[in-house]
Amino acid sequence: MTALPLVFDAPKRGLPPRHLADLSAEGRREAVAALGEKPFRAAQLSNHYFGRLTVDPDAMTDIPAATRAALVADLMPPLFTEIRSVACDDGTTRKTLLKAHDGTLVESVLMRYPDRATLCISSQAGCGMACPFCATGQGGLQRNLSTAEIVDQVRRGAAAMRDGELPGGPGRLSNIVFMGMGEPLANYKRVIEAVHRICDPAPDGLGISQRSVTVSTVGLVPAIRKMTEEGLHVRLAVSLHTPDDELRNTLVPVNTRWDVAEVLEAARGYADKTGRRVSIEYALIRDINDQGWRADMLGKKLRKYLGPLVHVNLIPLNPTPGSKWDASPKPVEREFVRRVEAQGVTCTVRDTRGQEIAAACGQLAAEG
Ligand code: SAH
């Protein structure tokens, strides 16, 4: 596999010092040994971080104080301070603003449903993909997040659920979506490492099932192909937004590099390899991409390229600052769903949770 083009290789500037959560179990043992400590200390530390979800040295009473101080200083540099959390939907949606060691701001969103809890996490600070309807895209890319910065969002979300911080009492964080800020496949290596840390069974990782993790992409074809070879079972979501190249070139500018056909072929490769249905994300924008003929074309193309291994997720456009676009009227939305399904492709409409706290899809701008 060739290296990803340089244009997607965001600067390393600002990445935090290496952290326990950047390392595999093997890497953690080596790091502990390099400090002159017994390798089993790595398992103890991992148990605190991944198992008990804590970074508080005072809680690590199974490690002698002096050793603990040395281990924590080397392997658990502070990653984030929490700036604030805001909630809506009766407290069941909560957006958290985190500040990284270099002042970079990152957001994640926790959503509790009757049967599950989903955390939407960021893979980059900002985003370089420049989709005109997305607030994150309007701000540009600041930097990649480190593996540990990605994982730590999940650790915090899992602790919040365990501690019953959202209404409904203590619960379990069950699902992760890489649908916050950033293009995950433009930070490929760190995102794949993060998936391992998130999904490895505790205490080596946070123990969330790969099948409950979704990686969403604008369609970076070489990276989709590479991910196909990783042997993962995560769900792939593709932000398509229209089935035709002419409009997609403007809605998702990277389409000028890899067009709809190439993206759908790569998605098919992933679906075939994993047996998992690909999610097609489609933000429905009034009078832009919501025409009946486009729904027909979408259904036909998806049948052709993906057969039964596809599902369409319509996202009513969430408002973003300064955008002239808005969501399609409900009857147009219903007709769109009907016409996609008439082609034999399942199609559902995503809820617009978090809209009033700017926590919904495409609204994350991490303003301090
Ligand atoms: N960069 C990745 C991950 C972000 S996921 C990707 O694009 O897939 C965020 C999802 O919300 C994407 O499908 C994105 O296209 C969509 N989105 C962005 N802005 C939106 C808006 N204003 N309303 C609804 N969905 C939006």
Side-chain angles (χ1 to χ4, degrees), residues 8 10 95 106-109 111 118-142 144-145 150 153 175-188 191 194-195 213-221 223-224 227 234-242 247-248 250-255 257-258 263 266-267 270 278-286 288-290 311-328 333 336 348-366:
F8 297 122
K95 177 170 86 165
V106 178
E107 285 179 326
S108 57
V109 183
M111 291 159 282
T118 300
L119 184 70
C120 177
I121 58 173
S122 296
S123 55
Q124 299 181 307
C127 185
M129 297 298 118
C131 304
F133 54 90
C134 175
T136 312
Q138 296 316 290
L141 177 66
Q142 283 119 56
N144 281 323
L145 299 188
I150 298 169
Q153 296 170 60
N175 296 69
I176 302 298
V177 295
F178 280 85
M179 295 191 182
M181 304 172 78
E183 165 53 41
L185 296 190
N187 187 15
Y188 185 86
V191 163
V195 167
V213 173
T214 299
V215 174
S216 181
T217 178
V218 289
L220 305 188
V221 166
I224 295 174
M227 193 168 104
V234 299
R235 182 182 295 284
L236 176 69
V238 173
S239 295
L240 198 66
H241 303 309
T242 187
L247 178 58
R248 195 166 191 269
T250 67
L251 293 182
V252 184
V254 77
N255 193 70
R257 181 122 188 197
W258 295 289
V263 171
Y270 188 83
V278 171
S279 265
I280 298 293
E281 312 295 296
Y282 199 111
L284 209 56
I285 315 175
R286 182 206 292 258
I288 300 288
N289 64 354
D290 63 355
H311 176 86
V312 174
N313 244 313
L314 290 183
I315 319 171
L317 188 81
N318 293 305
T320 58
S323 168
K324 49 189 185 307
W325 290 329
D326 56 52
S328 305
E333 183 184 287
F336 199 94
T348 49
V349 179
R350 178 178 296 167
D351 63 16
T352 49
R353 267 202 186 215
Q355 233 184 41
E356 73 230 54
I357 55 168
C361 299
Q363 294 186 311
L364 300 184

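Atoms within each ligand, like the ligands themselves, are counted from 1 in listed order.
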Subject >> Positive for side-chain contact (heavy atoms from CB on, under 4.5 Å) with Gln124, one of Asn187, Val106, Val191, Ile150 >> reply: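 Option passing the side-chain contact (heavy atoms from CB on, under 4.5 Å) with Gln124: Asn187.
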**OP:** Let me know which of Leu251, Val218, Leu247, Ile288 forms a side-chain contact (heavy atoms from CB on, under 4.5 Å) with His241.
**Re:**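 The single option meeting the side-chain contact (heavy atoms from CB on, under 4.5 Å) with His241 is Leu251.
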For [atom], which protein heavy atom lies nearest, and how many Å away is it?
{"atom": "atom 7 (O) of ligand 1", "answer": "Ser239 OG, 3.2 Å"}
{"atom": "atom 3 (C) of ligand 1", "answer": "Gly182 O, 3.4 Å"}
{"atom": "atom 19 (N) of ligand 1", "answer": "Gly362 CA, 3.0 Å"}
{"atom": "atom 9 (C) of ligand 1", "answer": "Met179 O, 3.6 Å"}
{"atom": "atom 4 (C) of ligand 1", "answer": "Gly180 O, 3.7 Å"}
{"atom": "atom 11 (O) of ligand 1", "answer": "Cys361 CB, 3.3 Å"}
{"atom": "atom 14 (C) of ligand 1", "answer": "His241 NE2, 3.8 Å"}
{"atom": "atom 23 (N) of ligand 1", "answer": "Asn318 N, 2.8 Å"}

List ligand 1 atoms under 4.0 Å from [X], heavy atoms only on the residue side.
{"X": "Phe178", "answer": "3 (C)"}
{"X": "Val218", "answer": "6 (C), 7 (O), 8 (O)"}
{"X": "Glu281", "answer": "13 (O)"}

Pairwise distance [atom1]([X]) to [atom2]([Y]) - rounded to 0.5 angstrom:
{"X": "Thr250", "Y": "Phe133", "atom1": "OG1", "atom2": "CZ", "result": "9.5 Å"}
{"X": "Ser108", "Y": "Ile176", "atom1": "OG", "atom2": "CD1", "result": "9.5 Å"}
{"X": "Cys120", "Y": "Lys95", "atom1": "SG", "atom2": "NZ", "result": "11.0 Å"}
{"X": "Met181", "Y": "Gln363", "atom1": "CE", "atom2": "CD", "result": "12.5 Å"}

Original post:
For residues Thr242 and Asn289, is any side-chain donor paired with an opposing acceptor at under 3.5 Å?
Top reply: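 Asn289 and Thr242 do not have a side-chain donor-acceptor pair below 3.5 Å.
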Original post:
Does a side chain donor of either Gln138 or Thr320 reach within less than 3.5 Å of an acceptor in the other side chain?
Top reply: no
Original post:
Can you tell me if His311 uses its side chain to pair, donor with acceptor, with the backbone of Ser279 under 3.5 Å?
Top reply: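 Here the side-chain-to-backbone pair does not exist.
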**OP:** Indicate yes or no for a side-chain donor-acceptor contact from Glu333 to the backbone of Ser328 under 3.5 Å, with no hydrogens or angles considered.
**Re:** no
Is [X] in contact with ligand 1, taking contact as a heavy-atom separation below 4.0 Å?
{"X": "Met129", "answer": "no"}
{"X": "Trp325", "answer": "no"}
{"X": "Ala237", "answer": "no"}

Original post:
Is the shortest N/O to N/O distance between Phe133 and ligand 1 below 3.5 Å?
Top reply: yes
Subject >> ligand 1 N/O within reach of Thr320 N/O, cut-off under 3.5 Å >> reply: no
**OP:** Evaluate the side-chain hydrogen bond (donor to acceptor under 3.5 Å, both in side chains) criterion for residues Thr217 and Glu183: first the C-alpha distance (whole Å), next the side-chain angles of each, then the deciding distance (0.1 Å), finally the verdict.
**Re:** CA-CA 6 Å; Thr217 178; Glu183 165 53 41; 2.7 Å; yes
Subject >> Residue part near ligand 1, for Thr217, under 4.0 Å between non-hydrogen atoms >> reply: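 Contact part for Thr217 vs ligand 1: backbone (N, CA, C, O).
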